[in-house]
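These notes are about the structure you will find just below.
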Amino acid sequence: MTRRLKLILAAGIGVAAIVGGTGVAYAMLQGDSASASLRATGKVGEQADGYLGVVGSADGSLRAQVDAVNIKRRAYYTDLAAKRNAKIEEVAAATGCQLLSSKVQPGQYYRLPDGVWRQREAGQSISLPSYCA
């Protein structure tokens with residue numbers, strides 16, 4: 001499964017290059033500002049499944065913003081999965097590996113498959129799930 005996830009992720013990067021800087025694929029892989037802004041609040045974090053999650057409780061407005069980002073991500077994952085004959089969950093997990101390793105900044109939250117929210121410390125690297133290796 002590890003090799004398959006790497007192939008799926010590599011395919012996603014290729015799609016972003018083909019798109020030429022426009023559309024959901026580019027936003028997903030280059031890091032859209034909505035996701036970065038939400039992570040910076042300390043109330044939202046990246047999850048290993050490739051989606052944003054709410055850390056603790058949140059008001060309706062924040063949940064709506066997270067849902068809007070996740071809808072875009074799901075559309076990207078669905079499109080790429082269809083193109084690569086893969087499961088949506090595989091594409092999401094492969095992208096989740098990339099997001100955890102490259103987008104979560106010190107002080108921001110992330111959640112691994114064990115379901116526990118963690119805050120990244122300065123100088124700390126995130127211990128990625130085994131399927132990311």
Side-chain angles (χ1 to χ4, degrees):
M1 186 161 145
T2 301
R3 184 169 185 263
R4 182 169 170 81
L5 287 177
K6 287 181 181 178
L7 291 172
I8 291 167
L9 185 57
I13 293 168
V15 169
I18 291 168
V19 170
T22 62
V24 177
Y26 181 79
M28 272 298 306
L29 296 171
Q30 299 303 315
D32 72 313
S33 61
S35 296
S37 296
L38 288 168
R39 284 191 306 271
T41 68
K43 297 178 182 179
V44 174
E46 289 293 346
Q47 302 179 123
D49 65 1
Y51 296 95
L52 288 177
V54 174
V55 180
S57 60
D59 62 28
S61 173
L62 183 64
R63 287 196 182 277
Q65 292 174 63
V66 169
D67 289 345
V69 169
N70 285 339
I71 287 168
K72 290 178 185 177
R73 288 184 178 190
R74 177 72 179 201
Y76 167 71
Y77 301 152
T78 300
D79 182 55
L80 186 57
K83 289 177 181 174
R84 299 298 174 199
N85 194 28
K87 295 179 182 177
I88 296 168
E89 294 78 15
E90 290 174 330
V91 171
T95 306
C97 293
Q98 184 67 25
L99 292 169
L100 287 172
S101 65
S102 65
K103 299 299 179 191
V104 178
Q105 302 300 313
Q108 295 181 345
Y109 287 89
Y110 63 97
R111 183 161 55 180
L112 299 175
D114 64 7
V116 176
W117 283 108
R118 295 169 176 83
Q119 189 174 29
R120 183 171 178 196
E121 303 285 334
Q124 170 200 27
S125 61
I126 296 173
S127 296
L128 297 173
S130 60
Y131 58 80
C132 293

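Keep in mind it's a predicted model, so treat the numbers as computed, not measured.
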Compare every heavy atom of [Y] with every heavy atom of [X], then report the nearest pair and how far apart it is.
| X | Y | answer |
| --- | --- | --- |
| A86 | V91 | CB-CG2, 4.2 Å |
| R73 | L52 | NH1-N, 3.6 Å |
| S35 | V69 | OG-CG1, 3.4 Å |
| L100 | A48 | CD1-CA, 3.8 Å |

Check your understanding: In the single-linkage hydrophobic clustering (I, L, V, M, F, W, Y; side-chain heavy atoms under 4.5 Å), do L128 and Y131 co-cluster?
Key -> no

Check your understanding: Between V44 and L112, is there a shared hydrophobic cluster once you connect ILVMFWY residues whose side-chain heavy atoms come closer than 4.5 Å?
Key ->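 They do not share one cluster, since no chain of ILVMFWY contacts under 4.5 Å joins V44 to L112.
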
Review point. Could you go step by step and tell me if R74 and N70 meet the side-chain contact (heavy atoms from CB on, under 4.5 Å) rule?
Key: CA-CA 6 Å; R74 177 72 179 201; N70 285 339; over 6 Å; no

Review point. Does any donor atom in the side chain of Q47 or R111 lie under 3.5 Å from an acceptor atom in the other side chain?
Key: yes

Counting only N and O atoms by type, is there a donor-acceptor contact under 3.5 Å from the side chain of [X] to the main-chain atoms of [Y]?
| X | Y | answer |
| --- | --- | --- |
| Y77 | G50 | yes |
| S101 | Q98 | yes |
| R120 | V104 | yes |

Review point. Using 4.0 Å as the upper bound for N to carboxylate O, is an ion pair formed by D79 and K83?
Key: yes

Check your understanding: Do NZ/NE/NH1/NH2 and the carboxylate oxygens of E46 and K103 come within less than 4.0 Å?
Key -> no

Review point. When Ile, Leu, Val, Met, Phe, Trp and Tyr are grouped by side-chain heavy atoms lying under 4.5 Å apart, directly or through other members, which residues fall in the same group as W117?
Key: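 W117 shares its hydrophobic cluster with V55, Y109.
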
Practice item. For E121, check side-chain contact (heavy atoms from CB on, under 4.5 Å) against everything at least two apart and list the hits. Key: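 E121 satisfies side-chain contact (heavy atoms from CB on, under 4.5 Å) with Q124 only.
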
Practice item. Find out whether Q119 and Y110 are in side-chain contact, i.e. whether some heavy atom of one side chain is under 4.5 Å from a heavy atom of the other. Key: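 Side chain of Q119 against side chain of Y110, heavy atoms only: no contact under 4.5 Å found.
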
**Study point:** Sub-4.5 Å side-chain heavy-atom contact between Q65 and L38
**Key:**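 The answer is yes, as the side chains (C-beta and beyond) meet within the 4.5 Å cut-off.
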
**Study point:** From CD1 (I126) to SG (C97), nearest 0.5 Å
**Key:**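 Taking CD1 in I126 and SG in C97, the distance rounds to 11.0 Å.
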
Practice item. Starting at OH of Y51, measure out to CG of L99 and round the result to the nearest 0.5 Å. Key: 11.5 Å

